2 protein chains.
Amino acid sequence: MTTPTPRSRRRRQVLSRERIVEAAVELLDTAGAGALTVRALSDRLSTGSGAIYHHVGNMGELLQAATESVVAAALPAFPAPRESATDPGAEDTGRERIRAAALGLYDAVAEHPWLAVQLAVQVTRSPWGTVTPRIFESIGECVRTLGVPRSGWFATTSTLVHYILGATSQNAQPSDTAVLRDGAQRAEFLDSASQAWKSLDADDYPFLHDIADQMRGHDDREQFLTGIDLILAGITAVGRPS
Amino acid sequence: MTTPTPRSRRRRQVLSRERIVEAAVELLDTAGAGALTVRALSDRLSTGSGAIYHHVGNMGELLQAATESVVAAALPAFPAPRESATDPGAEDTGRERIRAAALGLYDAVAEHPWLAVQLAVQVTRSPWGTVTPRIFESIGECVRTLGVPRSGWFATTSTLVHYILGATSQNAQPSDTAVLRDGAQRAEFLDSASQAWKSLDADDYPFLHDIADQMRGHDDREQFLTGIDLILAGITAVGRPS
DNA sequence: ACCTGAACACCGTTCAAGT
DNA sequence: ACCTGAACACCGTTCAAGT
């Protein structure tokens, strides 16, 4: 009849799902996607490999949980505050909040390069899990305030989400190892990429040839926002045909 | 001094890189991403597992080659015919060619669901390999004819490519197994997805709640094109501010 | 040169056994 | 209930040995 005392429940509770997910994210961040193994994880947590399975089911579920925790942290406070669509300036703040959510995801992928591939994996498993719903909700809530007719909400939100996921994953660090936040390192990478494009056959790739210099000098993050603004401009243009 | 006769060269040449890549694509298509193993591949090709490594280096290289071969087949004839940007109607044919290239990739992912994740993988390894360059070139070549100033070519092309890759991967079959081209199957999936959204907490996900019905009825492919047109409208709007 | 297939060093996952 | 860690059935890759 009596519930177990807190003391007895807490006695040997050293491991938990949260601790495991946290350790998994650390492992992914510091050593890359290939370094997350059950053995490495149980080593780091000083347990047996079987202990992991008491809390997470399997590797895929762990990867999903790791992705969800990082995505949840990257998105703005949730749920978003409701605003009346008739407020003056509501459209501008809607656009601003879309930019903020997009940048949150963009920066998360920059900090956690393994996210690039994991987002693609999780999103095709949509809509199970919270990754796709969270992202969709964050963006969709803002689209509502943009003067788009109700019938266009889903298509408009989808377009933004697809662009955001595509862009963040393409701009991710091309490394299987640890995070490199060094700007010089990024410049070096762009430089070699530019060289690679220039060395392609000019007859097969005339456009890449022309544009190789432009690509060397560009700022990923700024250009990511340029793309967002391009789509927002399209939303406005389609909503009010001239 | 004499080159080997064709006969002697051909004698035992049963295996080749091409045949291996072809078999890999078949395996991926029919049995899913998890089914591509060196053992399964050498079984299907009736050789020893070591023979594979005489032609492809390692598994990652094989996956890259499989992706490249499917992407190359999906994109329109390459390189694209040159058109003068001053032609009347050049912008319209540019837009039409962008839609064609985008649909080519979209349909390829529908036929080869494993492409969704592989595109994300290959594209972060950019610009090595031919996947990213090919896609960029196809789209960029058309962007040139759209009246975008030269300084905007790279950003505009990037926006389109990011959207295309993001959308194709999100709309891929959510299955790890064989291809299901059955329309009814897709409708069933959308139905359960819609149910899942409806069953989310209405306070945390008000937008998804509102929109669940819209998402059940939608046509992926049509909506994919709607997104393309939204971005094209943005390109026009930004190029000619009112 | 091309191929064979056993061997090696891993991997995720399970499960009897402990506390 | 929670954890241990050996065992199992895989995996990619290598390499001496064959033709």
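As the structure is a computational prediction, the values presented were derived from the model and not from experiment. Residue numbers begin at 1 in each chain, while the letters A, B, ... track the order of the sequences.
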| task | Determine the sole option in Val131(B), Thr132(B), Ile164(B) for which the side-chain contact (heavy atoms from CB on, under 4.5 Å) test with Leu119(B) is passed. | result | Val131(B)
Take the protein atom [atom1] of [X] and the nucleotide atom [atom2] of [N], then report the distance between them rounded to whole Å.
X: Asn58(A); N: dC15(C); atom1: CG; atom2: P; value: 15 Å
X: Asp43(A); N: dC10(C); atom1: CG; atom2: P; value: 13 Å
X: His55(A); N: dC2(D); atom1: NE2; atom2: P; value: 6 Å
X: Ile52(B); N: dT4(C); atom1: CD1; atom2: P; value: 9 Å
X: Arg19(A); N: dC3(D); atom1: CZ; atom2: P; value: 10 Å
X: Glu61(B); N: dG12(D); atom1: CD; atom2: C1'; value: 14 Å
X: Arg17(B); N: dC2(C); atom1: CZ; atom2: P; value: 14 Å
X: Leu41(B); N: dT13(D); atom1: CG; atom2: P; value: 12 Å

Report the nucleotide, chosen from [options], that has the shortest atom-to-atom distance to any side-chain atom of [X].
X: Ser49(A); options: dT14(C), dG12(C), dT4(D); result: dT14(C)
X: Met59(B); options: dG12(D), dG5(C), dT13(C); result: dG12(D)
X: Arg39(B); options: dT4(D), dA7(C), dG12(C); result: dA7(C)
X: Tyr53(A); options: dT13(C), dG12(D), dC3(C); result: dT13(C)

| message | For a quick check of understanding: with a heavy-atom distance under 4.0 Å over all strands, which category does Leu36(A) fall into, base, sugar-phosphate or nothing? | response |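 Result for Leu36(A) = sugar-phosphate.
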| query | Mind checking whether Phe224(A) and Tyr163(A) have parallel, tilted or perpendicular rings, split at 30° and 60°? | reply |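 Parallel.
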| task | Would you mind pulling out the nucleotide paired to dT19(D), Watson-Crick or G-U wobble, both distances under 3.5 Å? | result | dA1(C)
| message | Strictly by Watson-Crick or wobble contacts shorter than 3.5 Å, is anything paired with dC11(D), and which nucleotide is it? | response |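 Per the H-bond distance test, none.
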| query | Does a side-chain N or O from His54(B) land closer than 4.0 Å to OP1 or OP2 of dT4(C), or not? | reply |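 The answer is no; no side-chain N or O of His54(B) sits under 4.0 Å from OP1 or OP2.
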| field | Arg134(A)/Glu68(A) salt bridge by N-O under 4.0 Å criterion | value |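 No.
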| request: Could you tell me whether Glu61(B) and Arg17(B) have a side-chain N and a carboxylate O separated by less than 4.0 Å? | output: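 Answer for the salt bridge query: yes.
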| said: Around atom CD of Glu18(A), are there more than 12 heavy atoms from other residues, nucleotides or ligands closer than 6.0 Å? | reply: no
